[in-house]
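What follows is one structure encoded as structure tokens, with my remarks underneath.
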Amino acid sequence: MTYQLLYFAMFQDWAGKNEEQFSSAAATPAALYEELCKKYSINYPQRQLRVAVNDQFANWEQPLNDGDRIAFIPPVAGG
Amino acid sequence: MTYQLLYFAMFQDWAGKNEEQFSSAAATPAALYEELCKKYSINYPQRQLRVAVNDQFANWEQPLNDGDRIAFIPPVAGG
Amino acid sequence: MYFEISETPIDIIERRTRMVQYHAGGYVSFEGWIRDHNHGKEVRSLEYQAYPALAGTEAEKILQEAKDQFAIDDCDVVHRVGHLDVGEIAVWVGVTAAHRGAAFDACEYIIDELKIRVPIWKNEHYLNGKSGWVECHECKKKAIEKGLIHE
Amino acid sequence: MYFEISETPIDIIERRTRMVQYHAGGYVSFEGWIRDHNHGKEVRSLEYQAYPALAGTEAEKILQEAKDQFAIDDCDVVHRVGHLDVGEIAVWVGVTAAHRGAAFDACEYIIDELKIRVPIWKNEHYLNGKSGWVECHECKKKAIEKGLIHE
């Protein structure tokens with residue numbers, strides 16, 4: 001399946017881009033994140049992140065659909 | 001002794017003025033207030049007032065001096 | 001740190017701008033506005049009256065207490081007197097602090113204490129033509145709790 | 001009731017004026033200012049970055065929660081993004097209410113929740129030429145307490 005990945009904050013530094021189309025057999029955000037960590041040598045623990053699917057906070061184990069827009073959300077620091 | 005009395009809020013309505021020079025034998029704010037209540041038919045209870053002597057909150061029983069500036073302070077309503 | 005009694009409209013932006021400091025991270029302000037009603041009566045306008053000398057020393061005491069009790073950088077208060085129309089600003093409180101929690105606490109402390117302790121009174125003019133000096137029952141109750149006056 | 005992400009300086013007076021209502025008696029505002037230091041490092045400027053679609057829905061949820069929990073009339077939030085210099089306003093929260101207690105509580109609730117839940121990040125540029133994405137440790141701790149993320 002092909003996902004649209006959005007990168008924010010340090011993820012932009014790690015991936016070297018703001019977004020990308022990403023083809024993967026991963027069927028959940030958790031599996032996708034594991035794959036991404038390998039690809040970009042990311043070692044930020046998944047348990048300290050939230051994940052968004054199609055601009056909504058989502059569950060790490062929810063099934064993904066082709067074309068989903070996915071973002072890994074590091075701890076926020078607004079305000 | 002002669003005191004300078006300052007009137008605020010409803011005391012202005014009751015006394016019909018903002019201030020006056022007031023000659024009295026009263027030696028404490030409490031005694032002075034009692035005298036004033038008679039003069040102007042005021043029946044506001046002293047226990048719900050504060051009193052200021054020379055622009056400072058004062059005690060009802062403190063001795064007064066000739067020329068003291070005295071104000072009876074009804075419950076405030078600023079803000 | 002200042003308290004001021006103002007006979008002209010309070011310029012919020014000017015007051016706020018005076019407080020900008022590069023080491024403060026948070027600014028909390030409170031404004032009291034003249035409402036179009038109070039205890040069910042329709043308000044047209046009102047007069048605030050202060051006992052300036054005593055209001056000044058009491059308000060400065062409150063500001064100092066806020067500085068002593070909360071980790072704030074600065075705190076200022078301006079209170080209007082004279083004739084005010086509905087929608088005008090009666091009082092402004094500004095507080096700056098490195099961290100916002102202290103700024104919120106101090107700002108609320110200052111306005112709460114001001115309403116109990118600072119000699120300012122209001123005379124409300126109602127749409128029906130009547131007017132009267134307002135007794136703030138909540139303020140009175142709190143002044144009794146503090147032992148400033150008695151039941 | 002609105003949340004807005006702004007790429008240009010926040011006009012506090014314009015935002016505040018929009019909230020003036022004749023039946024509201026109190027207005028509480030919070031402004032977060034860019035400090036010249038953070039955790040001992042001297043800050044020159046910073047970038048705020050948002051995930052706009054998600055930030056919008058999450059912030060609107062927070063505003064609705066504030067309206068449900070506190071007796072307020074209205075609440076608005078604006079957050080800056082892009083490059084900000086020391087002294088600029090990063091975030092503004094405005095709350096109006098008939099009674100001030102609810103306005104203070106709601107304003108503090110909104111900024112507290114925003115800092116934990118709304119996807120906005122900051123990259124600080126230091127005087128020494130370095131820069132870095134800031135981890136707000138307090139925010140992270142609170143997000144863990146809320147079960148949003150884990151230790």
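So that the names make sense, note that chain A is the first sequence line, chain B the second, and so on, each numbered from 1. Computation of the quantities below employed the complete heavy-atom set of this structure, encompassing side-chain atoms and omitting hydrogens, waters and symmetry-equivalent molecules.
In this structure, CZ on Arg47(A) lies 10.0 Å from CD1 on Ile149(D), to the nearest 0.5 angstrom.
The neighbour count for His83(D) NE2, taken as heavy atoms of other residues, nucleotides or ligands under 6.0 Å away, is above 12. The environment of CG in Asn128(D) is crowded: more than 12 heavy-atom neighbours from other residues, nucleotides or ligands sit within 6.0 Å. Surrounding CD of Glu7(D) are at most 12 heavy atoms belonging to other residues, nucleotides or ligands under 6.0 Å away. Within a 6.0 Å radius of CD in Glu34(A), no more than 12 heavy atoms belonging to other residues, nucleotides or ligands are found. No more than 12 heavy-atom neighbours from other residues, nucleotides or ligands sit within 6.0 angstrom of OH on Tyr22(D). Counting heavy-atom neighbours within 6.0 Å of Gln21(A) CD, excluding the residue itself, gives a total above 12. More than 12 heavy atoms of other residues, nucleotides or ligands shown are found within 6.0 angstrom of CD on Glu65(D). Heavy atoms of other residues, nucleotides or ligands lying less than 6.0 angstrom from NZ of Lys141(D) number 12 at most.
Each of Glu31(D), Glu138(D), Lys122(D) has some count of heavy-atom pairs under 4.5 Å with chain A, and the biggest count is that of Lys122(D). Of the listed residues (Thr57(D), Val118(D), Val77(D)), the greatest number of heavy-atom pairs within a distance under 4.5 Å of chain A belongs to Val118(D). The candidate from Ala77(A), Pro75(A), Ala9(A) with the greatest count of non-hydrogen atom pairs under 4.5 Å with chain D is Ala9(A).
Minimum interatomic distance between Gln48(A) and Lys140(D) (heavy atoms only, all atoms of both residues): OE1-NZ, 2.7 Å. In terms of heavy-atom proximity, Arg50(A) sits nearest to Arg117(D) at NH1-O, 4.2 Å. The shortest heavy-atom contact between Tyr51(D) and Ala71(A) is CE1-CB, 3.6 Å. Minimum heavy-atom separation, Gly79(A) to Tyr48(D): O-OH, 2.8 Å.
Neither the backbone nor the side chain of Ala55(D) comes within contact range of chain A; no heavy atom of the residue lies under 4.5 Å from a heavy atom of that chain. Residue contact with chain A, scored on non-hydrogen atoms closer than 4.5 Å, involves the side chain of Glu58(D) exclusively. Residue contact with chain A, scored on non-hydrogen atoms closer than 4.5 Å, involves the backbone of Ile116(D) exclusively. With a 4.5 angstrom heavy-atom cutoff, Pro45(A) does not touch chain D via any of its atoms. Residue contact with chain D, scored on non-hydrogen atoms closer than 4.5 Å, involves the side chain of Gln12(A) exclusively. Within the 4.5 angstrom heavy-atom criterion, only side-chain atoms of Ala90(D), from C-beta onward, approach chain A.
No side-chain heavy atom of Val76(A) sits less than 4.5 Å from a side-chain heavy atom of Lys115(D). At a threshold of 4.5 Å between non-hydrogen side-chain atoms, the residues Pro119(D) and Phe8(A) do not count as touching. Asp13(A) is listed as a side-chain neighbour of Trp133(D), based on a closest heavy-atom distance under 4.5 Å.
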